Number of protein chains: 2
Amino acid sequence: MSRAERITWQAVQDQVRQRISQRQWKPGQQIPHEADLAREFGCARATVNRALRGLADAGLLERRRKAGTRVALNPVRRAEFSIPLIREEIEAKGQRFGFRVLRREMRLPPPELQARLQIDGAQPILYLQTLYTADSQPYLFETRWINTLAVPSAAAAEFATLSPNEWLVREVAFDGGDFTFSAIAATAQEARMLGCKIGEGLLVLDRTTRHGADMITSVRLVFHRGYRMHTRI
Amino acid sequence: MSRAERITWQAVQDQVRQRISQRQWKPGQQIPHEADLAREFGCARATVNRALRGLADAGLLERRRKAGTRVALNPVRRAEFSIPLIREEIEAKGQRFGFRVLRREMRLPPPELQARLQIDGAQPILYLQTLYTADSQPYLFETRWINTLAVPSAAAAEFATLSPNEWLVREVAFDGGDFTFSAIAATAQEARMLGCKIGEGLLVLDRTTRHGADMITSVRLVFHRGYRMHTRI
DNA sequence: ATATTGTTTATGTATAAACATAATGTCGAG
DNA sequence: CTCGACATTATGTTTATACATAAACAATAT
């Protein structure tokens, strides 16, 4: 005779997830409250709370004080993409990572970027063009602005052994930013850089990172032809 | 004289986040353990635990039993995209949502899809082509396979008032799937459907959803020219 | 009717205490 | 010196208890 197993919050979560998945509890429907579930599963309310909070974070449940907990109407609405360092992404595929800084100069940023910099007066900042390669094949073409007013040390950085990307990740802190995925047809320059035909559909990721109020860097990544960004839920 | 405020886990989390952001605790560095932090902040260890767990979930900290907690080497590596219902996305912009099922037939799925269906013998399943519009402008062209062997009711569904997307979300449960973003150059068909020129760069989202072992639906969304998928962290 | 006020209730949070678990480090046997 | 057993330690989890808070609901006053 084995002594009674302790109920874990994972067990509760699995049970609840299953009931939702099997439509025993239907979308929009209210589920029993924590105290009842705690009694049913034979555990403390805190354990149920932990389980349900996780499911709410995942978007499977909607919870409101006093109103109770109900199954979300449209369950899965999020996809989380891991944005790895380019080096890691390439090396994870067993390929040899490489990069080349093709252009590097102080340049006056375009108006829309000047607005985001929130500096008065037009001042030149660091502008970089870098090509990343996997086994010497073009992988990614990067166009980057670095706010040298917020990160003066960048002006002197070599980017010889460390790519601009990795240099920034290592050297400067940031706490926010935004990402935008879009698609373009390859221009002549992009086609030349990435070794594809003009007009190929290419995936583009625009990213701006901030630290507090300061914009640190704004970068546009143009991926090679056929690049796929994948995730599962 | 106000009585001492209770320390909340959010306050602890903010403090810790700030210390990381200000590089008081540097990437890779080990931070004080829970008991010490609890003493410092004047709260229970459980409160610190709650705070740190959140930061670990967010990818800012790495925690291992006995080894302690350390600041993650590359802080932000995830971007979470909310994938709203197309209707909601369009209506949120104040535009009028519409859709038209252009094609609907039982068809033999292509080999790579047959493999994912994991059914023996080639059997036709439901194939749909749908155009979604915002203010009557083409918004999204959808090509969808629905596994009518797992969801027989789909064969009879009208998709008159409810789009295939919404019908599925409402009618059938799913618990997993995968997403792939990529880019294409518009083919003649896509250009015609979406009202753009042949060769325009278009964003594509391929999605397959499962319920247990069954594949439910596999869909390719081709967005209109200039579509941007945005998120912030 | 309508606005206000109060009561009730379900979730949210804080705490101390205890035990579980994984990983590290240490010590001793061989 | 190497390997395995074992103690140590930091995080992980569960519990009971208490109080906080938001929101629904009812009762009341205007």
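Each chain gets a letter, A, B and so on, in the order its sequence line appears, and its residues count up from 1. Treat the numbers as computed from the prediction; the structure is a model and nothing was measured.
- At whole-Å resolution of the value, CZ in A/R50 and P in D/dT15 are 13 Å apart.
- The side-chain contact (heavy atoms from CB on, under 4.5 Å) check on A/S21 picks up B/D175, B/H211, with sequence neighbours excluded.
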*Nucleotide by nucleotide, 5' to 3', does protein get under 4.0 Å of the base (B), only the sugar-phosphate (S), or neither (-) in nucleotides 7-12 of chain C, counting heavy atoms?*
--BBBB
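- Rounded to an integer number of Å, the gap from B/L61 CG to D/dA10 C1' is 14 Å.
- One interatomic measurement links the two molecules: CD of B/E62 to C1' of C/dA23, which rounds to 16 Å at whole-angstrom precision.
- Within the structure, the side-chain hydrogen bond (donor to acceptor under 3.5 Å, both in side chains) test picks out the following pairs touching residues 220-233 of chain B (sequence neighbours left out): A/D178-B/H230, B/E89-B/Y227, B/E200-B/R225, B/D206-B/R220.
- Among residues at least two apart or in separate chains, side-chain hydrogen bond (donor to acceptor under 3.5 Å, both in side chains) pairs with a member in residues 34-46 of chain A are A/R19-A/E40, A/E34-A/R45, A/E34-A/N49, A/E34-A/R63, A/D36-A/R39.
- Taking 4.0 angstrom as the limit, B/T47 places a side-chain polar atom (N or O) nearer than this to OP1 or OP2 of C/dT15.
- For the side-chain hydrogen bond (donor to acceptor under 3.5 Å, both in side chains) condition, the pairs that include at least one residue of residues 161-170 of chain A, sequence neighbours left out, are A/R87-A/E166.
- Screening residues 139-160 of chain A for salt bridge (charged side-chain N to carboxylate O under 4.0 Å, His left out), with sequence neighbours left out, gives A/E142-A/R144.
- In this structure, B/Y139 and B/F223 have perpendicular ring planes: the angle between them is above 60°, well past the 30° mark.
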